[in-house]
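Have a look at the structure below before the remarks.
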Amino acid sequence: MDKKPFNPGAPRPSAGQAPRNNGPQRRDPRQAKQAPNNINEHIRAREVRLVGDNVTPGIYSIQEARRIAEDLELDLVEISAQADPPVCKVLDYQKYLYQQKKKAKEIKAKSTKVVVKEIRFGPQTDDHDYNFKLKHAQGFLQEGAKVKAYVFFKGRSILFKEQGEVLLLRFANDLEDYGKVEQMPVLEGKRMIIMISPKKK
């Protein structure tokens, strides 16, 4: 049987293989560099203050803190780099990031969800129509919505703009128990507008 010719350029069977690691799986270092927190090997402090439910709180050397995280198959995460020594937690970092992202999304949804209800008047609105719209505005403000009330001037009725301003100021005054004026009456084209936001409970 012929022997295969020796090829010095051929890779050896063990070449390119990662060294065996029987310990817990560590996160990809490239992910750690992009992370908002320093984690695991990227924490540079010589000692850290450990906090959390799954550890005994206290000050540990960085080597000991990493060992504790490895034993629990979790990550060592620096949550307060400015403290002396830095504060770290042992946790599942991917899960932590997911929870932080979810929390930020909820806060954003609450802060940006502003409902604005519009109420339109004519420059010579009668008392019955005024009171009807006033009741609606009270309900909107109690629900947490802003009220954008405006007087619409048709054609020559723009001559009654002072009358429109008086009406809007009266409207704001009648709503003082429910909301506060965010923007005083201002003329924009054919509309004079006032903004009223709900009072914080």
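Quick note: numbers below take in every heavy atom, side chains included, and nothing from hydrogens, waters or symmetry partners.
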Would you call T56 and I68 a side-chain contact if the rule is heavy atoms closer than 4.5 Å? no

Can you tell me how far the [atom1] atom of [X] sits from the [atom2] atom of [Y], to the nearest 0.5 Å?
| X | Y | atom1 | atom2 | result |
| --- | --- | --- | --- | --- |
| D126 | N131 | CG | CG | 9.0 Å |
| R191 | F152 | CZ | CZ | 8.0 Å |
| F153 | K161 | CZ | NZ | 8.5 Å |

With sequence neighbours left out, write down each residue that passes side-chain hydrogen bond (donor to acceptor under 3.5 Å, both in side chains) with [X], or none if nothing qualifies.
| X | answer |
| --- | --- |
| E165 | none |
| N54 | none |
| E64 | R67 |

The test is ring-ring contact (aromatic ring centres under 6.0 Å, His included); show your working for F132 and H128 and say whether it passes. CA-CA 6 Å; F132 178 75; H128 174 76; 7.1 Å; no

Name the atoms and distances for all side-chain donor-acceptor pairs under 3.5 Å in residues 97-104, with sequence neighbours left out.
none

Name the atoms and distances for all side-chain donor-acceptor pairs under 3.5 Å in residues 43-52, with sequence neighbours left out.
unit_1, atom_1, unit_2, atom_2, d
R44, NH1, E41, O, 3.4

Under 3.5 Å, side chain of [X] to main-chain N/O of [Y], donor-acceptor pair present?
| X | Y | result |
| --- | --- | --- |
| N37 | I39 | no |
| Y93 | N40 | no |
| D92 | L74 | no |
| K148 | I193 | no |

Ignoring hydrogens, what is the shortest heavy-atom contact between L76 and A65? Give both atom names and the distance. CD2-CB, 3.7 Å

Determine whether more than 12 heavy atoms belonging to other residues, nucleotides or ligands lie under 6.0 Å from atom NZ of K133. yes

Please set out all donor-acceptor pairs under 3.5 angstrom arising from side-chain atoms of residues 169-183, sequence neighbours excluded.
unit_1, atom_1, unit_2, atom_2, d
D174, OD2, Y130, OH, 2.6
E182, OE1, K146, NZ, 3.0
E182, OE2, K146, NZ, 3.1

